[in-house]
J.: 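My structure is below; once you've seen it, I'll send some questions.
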Amino acid sequence: MEHDEIIGLLGAYALDAVDRRERGLIEAHLDGCTMCCTEVGQFLEVASEFVPATQAPRSLWARILFSVRSHGVAVATRPRPWLGLVAAITVVALSGVVVIQQRRVVDLEATVARQMIEIDGQNRELDQVAPDRLVSAALGDPTSVQAVLSGETGSITFVIEPSGNAFLADSTLPPLPEGLTYQLWAVVDGEIISAAVLGPDPRLTPLRIEGSVAVLALTVEPVGGVVVSDQEPAAVWLADA
Amino acid sequence: MLYLDERTLEDNELVAAVADRDESALAEIYRRHGSQVFGLAKRVIRDEEMARDIAQDVFVSLWKKPEAFDASRGSLRTFLLAKTHSRSIDVIRSEASRRIREERDALLKSDSVPNVDDEVWQVTVAAKVRTALATIPERERDVIELAYFGGLTYREVAAHLGMAEGTVKSRIRSGLSRLQESMGQLGIVTA
């Protein structure tokens, strides 16, 4: 495509109103043409003034920060932190270093399974010792941290004792349909870990959250939970928000 | 105090801080431009959830590849909004967004044609920008609006309006040139 033809398309290019082939040709031309580059820059600046003044949802920044903090694990183009691990495994498999990542998945599977067993046992234990009293005690402890995970459909509150014992203290989240469960994830020291599989209608559940927690996130998953999630968080809590 | 310091930095200094993995710098960039990024995506996509995904992508991409921003080619605002628009258009044109395209097509067939939304210019841009927009012929404004907010290629605009493709191309370019001049005179963009 000749320079004059490119010039005629620069306005449409600045508005993303050219097709893929034309876009490629124009961008190849722009690499070596200062004049066209300047014109496109001016058009883009003009277009950037056509901006609707819309309040961004409050959860947007939390979602961005959550993705950023899990960036070490997330390598997917689309910032779905859990899917990132799956993508990483696929890529690594191609380069012949899959063993380590497979071991990690196995470890995670074991962790999720162990958590389900532990929670099941703890639930039975709590049935006998008035669970609300444990939560009240934790809430009354000034050294405990209250983590309120907020999302579009409601919020869920956990109280975390310095020992790592944690309790689900309150939830306004709607019960899930059959076949689905809430799953809690924590970012601890830059690692995403499954903290608990909470069931479709979370109640006073005890769990363990050890280490320095930067982020808690809740996703909706198939019953039984997953090792790696590709879901957007339904609710998020940031430690330093 | 760190928070106050971030607020005094120029956009390109903030991007340099992002390259050093400074979350508070990214937070300040989001504070300055987040609503515009989200607003543009929502206006083009017409779907709040997808607009949120796009806005998230744009800021996370900046975190991952801050070097993609070249201050010599324009402001950070222009860079972020160009990314936002481009991704929104990609979504509209992708096979996965048939519903959005159908909604857009229905809108284009409505009585409001040739304006995608008569109130768009009235409610979405600042008063000074409206003043600048008033200085260009309506025929140029219409093609820019259909392309930018309607997500149409110039060929689609031409087919939609029953005009020659060359005419649409030249109207878009001349309209943007006129806007650049009048916005420059009003101090909105670089003269």
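The analysis underlying the following values was restricted to heavy atoms, covering all of them including side chains, and did not include hydrogens, waters or symmetry mates. Throughout, a chain's letter reflects where its sequence line sits, starting with A, and its residues are numbered from 1.
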J.: What's the separation between atom CG in A:Leu10 and atom CD1 in B:Ile172, rounded to the nearest 0.5 Å?
T.: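 A:Leu10 atom CG to B:Ile172 atom CD1 measures 11.5 Å (nearest 0.5 Å).
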J.: Of the backbone (N, CA, C, O) and the side chain (C-beta and beyond), which part of B:Ser86 lies under 4.5 Å from a heavy atom of chain A, both, or neither?
T.: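 Both the backbone and the side chain of B:Ser86 come within 4.5 Å of chain A.
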J.: Check whether B:Tyr154 gets within reach of chain A through its side chain, its backbone, both or neither, counting any heavy atom under 4.5 Å.
T.: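 Contact with chain A involves both backbone and side-chain atoms of B:Tyr154.
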J.: Please identify, among B:Ala27, B:Ser170, B:Ala82, B:Ser75, the residue contributing the most non-hydrogen atom pairs under 4.5 Å to chain A.
T.: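 Answer, by heavy-atom pair count under 4.5 Å with chain A: B:Ala27.
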J.: Where does A:Arg23 contact chain B at under 4.5 Å (heavy atoms): side chain, backbone, both or neither?
T.: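 For A:Arg23, the contact with chain B is made by the side chain alone.
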J.: Residues of residues 177-188 of chain B under 4.5 Å from chain A (heavy atom pairs)?
T.: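 Counting heavy atoms that sit under 4.5 Å from chain A, the residues of residues 177-188 of chain B involved are B:Ser177, B:Leu179, B:Gln180, B:Met183, B:Ile188.
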J.: Less than 4.5 Å to any heavy atom of chain A: does that hold for the side chain of B:Leu26, its backbone, both, or neither?
T.: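 Both parts, heavy atoms under 4.5 Å.
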J.: Could you check B:Leu176, B:Thr78, B:Leu81 and say which one makes a side-chain contact (heavy atoms from CB on, under 4.5 Å) with A:Glu45?
T.: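 That would be B:Thr78.
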J.: Students often mix this up, so state it plainly: with edges at 30° and 60°, are the rings of A:Phe50 and B:Tyr148 parallel, tilted or perpendicular?
T.: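 Perpendicular.
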J.: At a 4.5 Å cut-off on heavy atoms, which part of B:Ala51 comes close to chain A: side chain, backbone, both, or neither?
T.: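 Neither part.
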J.: Testing the basics here: between A:Ala56 and B:Gly34, what is the closest heavy-atom pair and its distance to 0.1 Å?
T.: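 Distance-wise, the nearest heavy atoms are CB-O, 4.4 Å.
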J.: Pick from B:Val143, B:Leu80, B:Thr84, B:Thr153: which one has the most heavy-atom pairs with chain A under 4.5 Å?
T.: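 Top count of heavy-atom pairs under 4.5 Å with chain A: B:Thr153.
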J.: Check whether any side-chain heavy atom of B:Glu48 sits under 4.5 Å from a side-chain heavy atom of A:Glu152, and report yes or no.
T.: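 No, too far: nothing below the 4.5 Å cut-off.
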J.: Where is the tightest heavy-atom contact between B:Ala55 and A:Leu60, given as atom of each residue plus distance?
T.: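 Shortest heavy-atom contact: CB-CD2, 3.8 Å.
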J.: Using non-hydrogen atoms only, which part of B:Lys169 is less than 4.5 Å away from chain A: side chain, backbone, both, or neither?
T.: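 Backbone plus side chain of B:Lys169, per the 4.5 Å heavy-atom cut-off to chain A.
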J.: Could you walk me through whether B:Arg173 and A:Phe43 satisfy the side-chain contact (heavy atoms from CB on, under 4.5 Å) test, starting with their C-alpha distance in whole Å, then the side-chain angles of each, then the deciding distance to 0.1 Å, before giving a yes or no?
T.: CA-CA 9 Å; B:Arg173 183 161 178 252; A:Phe43 288 165; 4.0 Å; yes
J.: Applying side-chain contact (heavy atoms from CB on, under 4.5 Å) to A:Glu232 and B:Gln56, what does each step give before you reach the verdict?
T.: CA-CA 11 Å; A:Glu232 290 287 350; B:Gln56 184 178 339; 4.1 Å; yes
J.: Look up atom CD in B:Glu23 and atom CG in A:Leu238, then write down how far apart they are to the nearest 0.5 Å.
T.: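 Going from CD on B:Glu23 over to CG on A:Leu238, the span is 9.0 Å.
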J.: So does B:Arg77 have more than 12 non-hydrogen atoms from other groups sitting under 6.0 Å from CZ?
T.: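 Yes, CZ of B:Arg77 has more than 12 neighbouring heavy atoms, counting only those of other groups under 6.0 Å.
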